[in-house]
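Letters go in sequence order (proteins before strands), and every chain restarts at 1. What you see is a predicted model, and the numbers here were worked out from it, not measured in a lab. Note that these values count all heavy atoms, side chains included, but never hydrogens, waters or copies made by symmetry.
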Protein chains: 2
Amino acid sequence: MLNGQKERNAPIRRAKRVTISDVSNALGLTKGTVSRALNGYPDISDSTRNRVRRVSEKMGYQPLSHAQAIKTGRTRSLGLVLQFGDHDSHRPFLADFLSGISHGASQENWTVTVATADSDGDTLKTVQQLLDERKADGFILPRTMTDDPRVRLLRDASAPFVLYGRTRDTTDCAWFDILGEDAMHDAVLRLAKQGHERIAFVNGGSEYYYSVLRLQGMLQGLKEAGITPDPDLIATDAVRPEDGAAATRQMLRLANPPTAFVFAVDMAALGLYQVAAEYGLAVGSDLSVIAYDGVPEGAFATPALTTFSVDSRQAGERLAALLIRRVRGEAVQNLRETANATLVERGSDGPPTMTSNHLVRVVSAHSKKSEYPKGGTK
Amino acid sequence: MLNGQKERNAPIRRAKRVTISDVSNALGLTKGTVSRALNGYPDISDSTRNRVRRVSEKMGYQPLSHAQAIKTGRTRSLGLVLQFGDHDSHRPFLADFLSGISHGASQENWTVTVATADSDGDTLKTVQQLLDERKADGFILPRTMTDDPRVRLLRDASAPFVLYGRTRDTTDCAWFDILGEDAMHDAVLRLAKQGHERIAFVNGGSEYYYSVLRLQGMLQGLKEAGITPDPDLIATDAVRPEDGAAATRQMLRLANPPTAFVFAVDMAALGLYQVAAEYGLAVGSDLSVIAYDGVPEGAFATPALTTFSVDSRQAGERLAALLIRRVRGEAVQNLRETANATLVERGSDGPPTMTSNHLVRVVSAHSKKSEYPKGGTK
DNA sequence: ACTGTTGCCGAAACCGGTTTCGGAACCAAC
DNA sequence: GTTGGTTCCGAAACCGGTTTCGGCAACAGT
């Protein structure tokens, strides 16, 4: 679609910039020479190069990125396509994440172009468009899936990108990721040490690769704690409170319910609180829960949610740095970093106050009771 | 600072685009003519113009914004500089807000460039830089202050901008805003109707213009309810839970404490919950509270916070549309829109269970008691 | 029939950079 | 004193558009 007809624009009066010609005139050189000097071409003598650098710095010369782009195709801007859909995904971290990206970008005098989409297809379309319009030189891909169509698209277009998260096929992939598997592992061991023997795991969206990893970490933790995994105590695809509540409810109705829960996602874990209230169970004693993400909402729950918090700002900053290096041609093998989530100990976990056997009686008692009155939360 | 030397770039293989020359060749016209035809110059015959439009559409021609920018100075991108500082400001709404902006921008084939800053000075510097580098044709200014330096900067540079919020000096200002004053007014009347007679108001950051407006709305509400305002029941600069807690605590210790609170900011209102727990007061009955913003955290408090929710996505979308029209030269007088917040009735308000006199006894009893044990929240 | 207008388009300059190409100057070697 | 090879810079083309200017053809006026 062409942008319509009579789009007559108002003039923007802006301070006139110092151009490369200004610099070259001041130096008595041609603009071609100045350009080559500044861009590190080898056929410029050191003395001239230094002279050019000094003068252009003094004159405050800054090349106009879109003027360079016309020849180079590069804009010095990184693209970020956020997909907001059904569940709130990265909503809570967004501010920090963006702040980190922007900070990392501006370090190198780059900018950030963001766009949003509301479906996978929409996201791909948007990425493609940004690429076509040269509005982004490369992309940061948050929330990577096990098999990610964005990766396929960009790989095929041989356009630079960097993942926030990992993925199955790592060909051409650079990434930054938090070791969620380690966090899950630690969470299980912590609960086991507190005396829990029935530990449930409620995983996040199964399309995301982090789910694969976190499950692995959890299972490894169980193994080290000497607990045999029980398939009934593993749920998937819980990302919203409702999902978490459903999973919790189902597991509590087992003949041998868990006394502790590990959630792969904070927001899902918040659903447990609601179910606990329904059954009259105290979170942090009757029922323990540890989750992952560090969303602000967790701090406002009572008791506050023990969680593994990720530093989204750092993630953003590292991703920006990595992507810039990627655009500049560095090999992906050098561009893979990880970091750890940090445990925030709060009040939602602790030694169990009842055994699984005791718990099952409380739950069933409540179930019978609530068949008559319309079981309220209060 | 010049971007260093040997920044040798990797080639990006990208689908080759159809350029204006391709189109002009196909038509047997010069590229100048094609350009003028597409951009609505009057010296092109209707028949030619239509022919050009048809063919370029069929060929999928899309002008490269940075190629146009080199001559026009415009990139078709709107700038958004987010300031994250001390308190979390727009953190919770950011996702929706961005989504709205991005959506509004892409409607007209524009893009969004975002940057972040962590102080007022930093923000101004960033805006200036984006302007200098032509990375943004105009700016969306969220959280406008009564006297906003960003407005002064952009006004002086005669660069287009649009406010999210209003400000004192409206010269050259276009805006979109939510009528927070109406919300505050309605909140007061609602509480008054429930039977409250002592109604406190805890305002937000006093540098923001919304505080001026919301206070006005609140006072108007009191007036209509026939309640004389009490200066002791008005606090300011509460934007975080701690701030709200402090204000609440102070007012509860008055000889004649309020039974209801209106908060200008949700996050501050969450602090009241903590203080209520300290004093053993039940929110929603012993103490009523209504706030404003609609942050997700409010839904997770118990009881859930009654609040006036703002549609940030809509705000973003409208702002983008307004800014684009502004860049295209439309007069600011046509570019001023407002909308209303919508009341979300939840459990944090209701008829008072005690009079102010009764309340004061509960509070003082608790104060004495808590001098001995180390007063815990639990 | 001669002269102004007007409508419409081509030609060419321009925007601010990058990149290719060629040649002048200098040096060393034979 | 040629020749050959480097080193280093100027000249000019180029990128993909926009905008100014001028001129040709058609039309109207007298």
Name every residue in residues 23-33 of chain B that has at least one heavy atom under 4.0 Å from any atom of DNA chain C, in order of residue number, or write none if there are no such residues.
B:G28, B:L29, B:T30, B:T33
Against the side chain of A:K71, the closest entry in C:dG17, D:dT18, D:dG10 is C:dG17
Nucleotide nearest B:S35 when distance is taken to its side chain, options D:dT18, D:dG17, C:dT18
D:dT18
Terminal axes of the helix from C:dA1-D:dT30 to C:dC30-D:dG1 (5 end pairs apiece), angle rounded to 10 degrees, sit apart by 60°
OP1, OP2 of C:dC9 versus side-chain N and O of B:S45: anything below 4.0 Å?
yes
Is there a donor and acceptor pair closer than 3.5 Å between the side chain of B:R134 and the base of C:dG16?
no
May I ask you to say what B:T19 touches in the nucleic acid, namely base, sugar-phosphate or nothing, with a heavy-atom cut-off under 4.0 Å?
sugar-phosphate
Output yes when a side-chain donor or acceptor of B:R51 lies under 3.5 Å from a complementary backbone atom of B:S47, and no otherwise.
no
Name the closest nucleotide to the B:T72 side chain, picking from D:dT18, C:dT19, C:dA11.
D:dT18
Applying a 4.0 Å non-hydrogen cut-off, can you work out what A:T48 is touching in the nucleic acid: base, sugar-phosphate, or nothing?
sugar-phosphate
Does the pair B:V114 and A:L98 meet the rule for a side-chain contact (heavy atoms from CB on, under 4.5 Å), with working shown?
CA-CA 9 Å; B:V114 327; A:L98 256 181; 3.7 Å; yes
Tell me if a side-chain donor or acceptor on A:R134 pairs with a main-chain N or O of B:H66 at a distance below 3.5 Å.
no
B:S45 side-chain N/O to B:T48 backbone N/O, donor-acceptor pair under 3.5 Å:
yes
